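Shown next, in structure tokens, is the structure this report addresses.
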Amino acid sequence: MQPIFVLVHSPSVGPSTWNPVAERLTAMGHQVRVPSLLHVGAGEPPFWPRAAEAVRTGLQGVPTDHPLILVAHSNAGLFLPSVRSVLDHPVTDSVFVDAALPARTGPTPVAPPELLDFLRPMAVNGTLPRWTDWWDEADIAPMFSGPAMRRKVVAEQPRLPLAYYEQHIPVPEGWDDHPCSYLLFGPPYEDMATDAQERGWRTAHLPGAHLHQIVDPVGTARQLLELTVGEA
């Protein structure tokens with residue numbers, strides 16, 4: 001039974017950051033789900049259970065014996081252990097794409113102290129601007145394949161509470177008892193890729209900016225297949 005690719009977007013952005021890759025994988029004959037985590041930041045903390053439940057909800061209708069390949073981008077990587085803990089489905093592979101990694105032991109902070117220091121002055125009544133508004137235009141513009149895609153990604157972004165980035169996410173023991181791998185796009189995630197390699201995971205490098213999956217969905221899909229099912 002061919003596994004279903006479950007493409008998990010960062011709660012800082014939205015599902016459209018995975019849709020081009022989903023379309024490519026579908027065209028190649030693979031089943032794909034792109035669950036929405038757009039409402040993870042609603043309400044009071046803790047937020048991480050909502051992320052796990054959002055993925056579970058996005059798999060409604062998929063038989064529980066159907067295997068999955070979990071693919072997480074950016075800070076969605078921190079939620080993969082929790083996601084796996086609530087799923088009834090077997091997980092054959094987990095792939096971290098330019099993503100933050102769960103701590104090897106103990107809860108994982110969503111943001112390091114230096115990022116929190118950067119974010120706190122931006123918060124208004126506890127709510128942050130959209131992720132693309134944090135950065136200079138020179139940093140943001142190269143991430144997009146064109147104006148239409150940029151408008152789509154920017155429009156769907158949530159405005160997350162500062163408390164989302166202040167949370168610590170549990171890491172259930174034994175969550176990585178299956179093949180895990182890392183796909184690096186570029187800075188500042190090189191250290192994460194090195195960490196993944198030191199954990200004994202397969203790693204690959206597809207040079208690009210942080211949203212490179214929307215710039216090169218063909219190359220991204222090919223790398224996902226090579227890291228998991230061994231084809232492209």
Side-chain angles (χ1 to χ4, degrees), residues 7-22 34 36-42 45 47-48 51 54 71-80 95-102 108-169 182-196 205-217 219-220 223:
L7 308 181
V8 186
H9 68 86
S10 164
S12 305
V13 285
S16 66
T17 55
W18 271 129
N19 286 343
V21 174
V34 184
S36 174
L37 278 66
L38 285 174
H39 302 295
V40 164
F47 303 102
W48 62 265
V71 182
H73 175 246
S74 195
N75 70 53
L78 302 177
F79 297 98
L80 275 200
V95 187
F96 294 76
V97 179
D98 226 40
L101 293 182
T108 307
V110 170
E114 59 270 20
L115 179 56
L116 291 176
D117 289 344
F118 171 72
L119 294 178
R120 286 190 177 108
M122 297 185 192
V124 177
N125 297 323
T127 300
L128 291 165
R130 298 174 302 184
W131 177 74
T132 50
D133 294 330
W134 299 359
W135 317 106
D136 294 335
E137 176 67 13
D139 298 318
I140 289 297
M143 294 188 186
F144 296 96
S145 54
M149 178 57 72
R150 178 172 180 171
R151 286 193 296 270
K152 182 181 295 186
V153 171
V154 169
E156 75 175 354
Q157 290 176 108
R159 297 181 69 232
L160 291 172
L162 176 64
Y164 168 85
Y165 294 95
E166 294 174 329
Q167 70 180 320
H168 286 66
I169 303 173
Y182 197 97
L183 175 57
L184 170 68
F185 291 150
Y189 288 88
E190 297 97 335
D191 288 346
M192 298 292 179
T194 298
D195 186 356
H205 185 200
L206 183 64
H210 189 48
L211 298 180
H212 191 60
Q213 72 270 32
I214 61 177
V215 175
D216 184 11
T220 303
Q223 290 287 357

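Predicted model only: the values in this text are computed from it and were never measured.
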Item checked: A163 to P45 - nearest heavy-atom pair and separation -> CB-CG, 4.5 Å

Next item on the list: Among I140, V13, L211, find the residue that satisfies the side-chain contact (heavy atoms from CB on, under 4.5 Å) test when tested with T132.
Entry: I140

Check: Which distance, rounded to the nearest 0.5 Å, do you find between the CG of L184 and the CG of D98?
Finding: 5.5 Å

Next item on the list: Not counting sequence neighbours, which residues clear salt bridge (Lys or Arg N to Asp or Glu O under 4.0 Å) with E114? List them please.
Entry: none

Notebook entry, point to check: So which heavy atom on S74 is nearest to which on S10, and how close?
Noted result: CB-CB, 3.7 Å

Notebook entry, point to check: Where do T194 and Y182 land on the side chain to side chain contact (heavy atoms under 4.5 Å, CB included) test, with the steps shown first?
Noted result: CA-CA 9 Å; T194 298; Y182 197 97; over 6 Å; no

Next item on the list: To the nearest 0.5 Å, tell me how far I169 CD1 sits from L78 CG.
Entry: 5.0 Å

Margin query: Evaluate M149 against V215 for side chain to side chain contact (heavy atoms under 4.5 Å, CB included), listing each step before the verdict.
Written below: CA-CA 9 Å; M149 178 57 72; V215 175; over 6 Å; no

Checklist line | Flag side-chain contact, heavy atom, 4.5 Å: F79 against P11 | finding: yes

Next item on the list: Keeping to residues at least two apart or across chains, list the salt bridge (charged side-chain N to carboxylate O under 4.0 Å, His left out) pairs with something in residues 115-127.
Entry: D117-R120, R120-E166

Note to self: Tell me if the aromatic rings of W131 and Y164 count as close, with their centers under 6.0 Å from one another.
What the structure shows: no

Next item on the list: Measure the shortest side-chain to side-chain distance between W18 and V71 over non-hydrogen atoms and say whether it is less than 4.5 angstrom.
Entry: yes

Checklist line | Smallest separation among heavy atoms of I214 and P217, with atom names | finding: O-CD, 3.9 Å

Next item on the list: Would you please test V110 and W48 for side chain to side chain contact (heavy atoms under 4.5 Å, CB included) and show each step?
Entry: CA-CA 10 Å; V110 170; W48 62 265; over 6 Å; no

Checklist line | Minimum-distance pair of heavy atoms, taken over all atoms of P158 and S12 | finding: CD-O, 3.9 Å

Check: How are the rings of W134 and F118 set relative to one another: parallel (under 30°), tilted (30 to 60°) or perpendicular (over 60°)?
Finding: perpendicular

Item checked: S16 OG to Q157 CD distance, which is reported to the nearest 0.5 Å -> 8.5 Å

Notebook entry, point to check: In Å, rounded to the nearest 0.5 Å, how long is the span from CZ of R159 to CG of D133?
Noted result: 8.5 Å

Item checked: Neighbour count >12 (heavy atoms, 6.0 Å) for atom NE2, H205 -> yes

Item checked: T108 side, atom OG1; Q167 side, atom CD - distance, nearest 0.5 Å -> 10.5 Å

Note to self: Is there a side chain to side chain contact (heavy atoms under 4.5 Å, CB included) between L183 and F96? Walk through the geometry before answering.
What the structure shows: CA-CA 6 Å; L183 175 57; F96 294 76; over 6 Å; no

Next item on the list: Side-chain contact test, heavy atoms from C-beta onward, threshold under 4.5 Å: evaluate it for D195 versus Y189 and give yes or no.
Entry: no

Next item on the list: Any chance you could measure L37, atom CG, to N75, atom CG, to the nearest 0.5 Å?
Entry: 9.5 Å

Checklist line | Smallest separation among heavy atoms of P15 and E156, with atom names | finding: N-OE2, 3.3 Å

Notebook entry, point to check: L80 and V95: which non-hydrogen atoms are nearest, and at how many Å?
Noted result: CD1-O, 4.4 Å

Note to self: Consider side-chain contact (heavy atoms from CB on, under 4.5 Å). Of H9, Q213, H212, which one does H73 pass it with?
What the structure shows: Q213

